2 protein chains.
Amino acid sequence: MSDPSPAVARAGFPVSRQVLADHVYEALLEWLMDGRLEPGAAVSIDGMARELDVSPTPVREALARLEHTGMVRRVALKGYRVAPVFTREDFAELMEARLSIEPVNARLACSRMTPEGLDALKQAVEDLKTAPRGGTFAEYRSYLEADERFHQLIAAQANNQFLLAAYNTLGGQIQRFRLFGGVGITDAEQAIAEHQAVLDAMTSGDPGKAAEMMVDHVEKVRGRAMADAPEE
Amino acid sequence: MSDPSPAVARAGFPVSRQVLADHVYEALLEWLMDGRLEPGAAVSIDGMARELDVSPTPVREALARLEHTGMVRRVALKGYRVAPVFTREDFAELMEARLSIEPVNARLACSRMTPEGLDALKQAVEDLKTAPRGGTFAEYRSYLEADERFHQLIAAQANNQFLLAAYNTLGGQIQRFRLFGGVGITDAEQAIAEHQAVLDAMTSGDPGKAAEMMVDHVEKVRGRAMADAPEE
DNA sequence: GAGCGCGGATTCCTATAGGATTTGTGCATG
DNA sequence: CATGCACAAATCCTATAGGAATCCGCGCTC
């Protein structure tokens with residue numbers, strides 16, 4: 001225990017209501033999303049416990065939750081591993097799933113959009129445009145974050161807990177692919193334009209158009225990624 | 001430890017490769033699906049450990065996995081509870097999500113169907129027709145099981161790991177609703193006919209028709225449930 | 001009678017210990 | 001050289017202990 005204030009924020013305000021397992025979960029998730037843990041790497045329970053200076057118990061609990069997201073995989077008595085790199089087929093399946101869910105989200109989000117939601121979407125697209133796109137991860141990290149946020153916001157605005165949960169499961173995988181898909185950010189201009197097209201449809205309140213633009217976007221993402229990384 | 005052979009099947013064959021947490025997970029899932037744990041009921045970690053005669057550690061791990069399925073909910077420092085009863089709005093959202101995902105699954109499953117898969121589907125519909133539909137849960141349990149199996153098989157035949165995962169998350173909720181939706185099995189004849197229609201489209205190899213019939217089925221399920229339980 | 005404070009019991013949470021299993025290494029053998 | 005085996009280290013898995021938080025019933029006060 002190095003942290004002297006486990007659950008108490010300033011002035012005795014227990015606003016946190018978080019236990020160690022929650023912190024471990026978030027730390028691991030961040031490491032996975034950041035690429036600090038590479039695909040296929042072993043995630044030792046005891047090792048992580050030492051690393052984070054906690055006991056193995058909360059680490060075990062956090063990993064059990066993570067397993068269900070597909071970010072890590074478990075083999076009984078052998079431990080956890082970061083999910084392996086996407087194959088070409090995995091990627092195709094992921095895009096197929098996105099094409100099934102995201103246009104529906106876009107359609108619903110458009111018809112149920114709140115002014116605050118629309119503002120947040122505009123902000124996300126704005127962040128995409130202004131984000132640095134350098135070669136190192138630290139540079140284009142904010143770009144990836146804004147990309148993910150755009151799609152996440154649409155899923156949230158669809159106002160359906162089950163569709164949101166379904167998207168979130170995909171979202172983690174999408175983010176993972178963005179990191180380890182091999183290519184950096186080579187299609188920013190086109191991707192931004194496609195995001196803008198979705199946003200425009202949302203702004204004009206045309207659900208059908210929003211769905212159509214989302215289909216267009218995902219299909220083009222698929223096309224570009226398939227062209228960029230043709231090797232198996 | 002009452003079980004003398006934890007992971008060793010006959011003749012020293014460790015085929016099981018299951019640890020205690022896996023068994024606890026399955027036991028809890030079965031209890032949830034069976035309705036033995038009612039919505040809103042507290043699921044005490046220590047209590048479950050006593051009940052199953054294991055230590056709290058594997059129970060904690062199993063519950064952490066279950067939380068992500070939406071079957072139980074956790075509040076830090078307060079414990080787990082079975083997810084509350086579906087409200088009318090929850091149900092509407094669930095059906096909206098099904099309408100987004102299941103027709104896609106049906107379409108893909110139809111175009112990728114294997115002979116074995118088709119046989120399994122036929123068996124499921126056959127089981128639906130012959131299952132007893134008495135008033136007690138023990139009686140119509142096999143009916144619910146066959147219903148769930150039919151949809152699950154289609155999701156599996158769609159041959160897309162992400163869509164399957166998305167459906168499985170829904171599937172648990174659907175099953176939970178079937179149990180606690182208030183009404184018993186009052187629509188068996190119509191539901192069976194709708195399932196048969198989907199199966200027929202699959203057999204004839206018409207993906208568009210399969211998707212259409214699935215839309216029809218889910219919409220009618222929604223209609224009947226909304227009519228049966230109009231009270232909020 | 002209603003509201004409030006205060007133990008006691010219950011439960012959650014984390015750490016630790018030790019048994020069981022897997023993994024890696026070195027050495028002997030064919 | 002390849003193969004198999006023994007042994008050691010690392011890791012997973014489960015049980016247990018004890019601190020911390022929550023819940024519950026009781027008595028007190030207003």
Side-chain angles (χ1 to χ4, degrees), chain A residues 1-28 37 40-68 72-83, chain B residues 1-28 37 40-68 72-83:
Chain A
M1 287 313 138
S2 40
D3 189 357
S5 61
V8 176
R10 53 186 171 283
F13 248 79
V15 288
S16 175
R17 295 294 89 184
Q18 274 196 340
V19 290
L20 268 189
D22 296 327
H23 288 119
V24 174
Y25 180 87
E26 287 170 14
L28 283 174
L37 296 172
V43 183
S44 153
I45 295 174
D46 292 343
M48 278 300 149
R50 284 191 298 271
E51 189 92 9
L52 298 171
D53 195 29
V54 298
S55 84
T57 312
V59 175
R60 177 173 291 277
E61 189 173 331
L63 281 170
R65 287 188 227 165
L66 272 175
E67 187 194 1
H68 209 283
V72 300
R73 293 185 183 172
R74 182 183 76 100
V75 177
L77 299 178
K78 292 187 64 177
Y80 291 88
R81 287 189 167 279
V82 183
Chain B
M1 286 305 155
S2 41
D3 189 358
S5 62
V8 177
R10 53 185 171 284
F13 248 79
V15 289
S16 175
R17 295 293 90 185
Q18 274 196 339
V19 290
L20 268 188
D22 295 328
H23 288 120
V24 174
Y25 180 87
E26 286 170 15
L28 283 173
L37 296 173
V43 183
S44 152
I45 294 174
D46 291 344
M48 278 299 149
R50 284 190 297 271
E51 189 93 7
L52 298 171
D53 195 29
V54 298
S55 84
T57 313
V59 175
R60 176 174 292 277
E61 188 173 330
L63 281 169
R65 288 189 226 165
L66 273 174
E67 187 195 2
H68 209 281
V72 300
R73 294 185 184 175
R74 183 181 76 99
V75 177
L77 299 178
K78 292 187 64 177
Y80 290 89
R81 289 190 165 278
V82 182

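Each chain gets a letter, A, B and so on, in the order its sequence line appears, and its residues count up from 1. Since the structure is predicted, the reported quantities are computational estimates derived from the model, not experimental observations.
Rounded to whole Å, atom P of C:dC12 lies 5 Å from atom CD1 of B:I45. Across the protein-nucleic acid pair, B:Y80 atom OH and D:dT22 atom C1' stand 17 Å apart, rounded to whole Å. The separation between B:E51 atom CD and C:dT11 atom C1' is 16 Å, rounded to whole Å. For B:D46 and D:dA17, the CG to C1' distance is 12 Å, given to the nearest whole Å. Separating the NZ atom of A:K78 from the P atom of C:dA20 is a distance of 21 Å, rounded to the nearest angstrom. The separation between B:L20 atom CG and C:dG19 atom C1' is 13 Å, rounded to whole Å. If you measure from atom CG of B:L77 to atom C1' of C:dT11, you get 10 Å, rounded to the nearest angstrom. Note: CE (A:M48) to C1' (D:dC12) measures 15 Å, nearest angstrom.
Residues satisfying the side chain to side chain donor-acceptor pair (under 3.5 Å) test with B:R74, not counting sequence neighbours, are A:D22. Scanning for side chain to side chain contact (heavy atoms under 4.5 Å, CB included) contacts around A:R73 gives A:A83, A:P84, B:Q161, with sequence neighbours left out.
Side-chain N/O atoms of B:R60 include none lying less than 4.0 angstrom from OP1 or OP2 on C:dC12. Between C:dC13 and B:R74, a contact under 4.0 Å exists linking OP1 or OP2 to a side-chain N or O. Between D:dA15 and B:S55, a contact under 4.0 Å exists linking OP1 or OP2 to a side-chain N or O. Residue B:R50 places at least one side-chain N or O under 4.0 Å from the OP1 or OP2 atom of C:dT11.
Looking at A:L37 and A:M48, their side chains come closer than 4.5 Å, going by heavy atoms from C-beta outward.
Across all non-hydrogen atoms, the minimal contact from A:L63 to A:V72 is O-CG2, 4.2 Å. The shortest non-hydrogen separation linking A:A64 to B:A64 is CB-CB, 4.1 Å.
Each of A:G79 and A:T57 lies near DNA chain D, and the nucleotide nearest A:G79 is the one positioned closer to the 5' end. In this structure, A:P58 and A:A76 both approach DNA chain C, and ranking their closest nucleotides by distance from the 5' end singles out A:P58.
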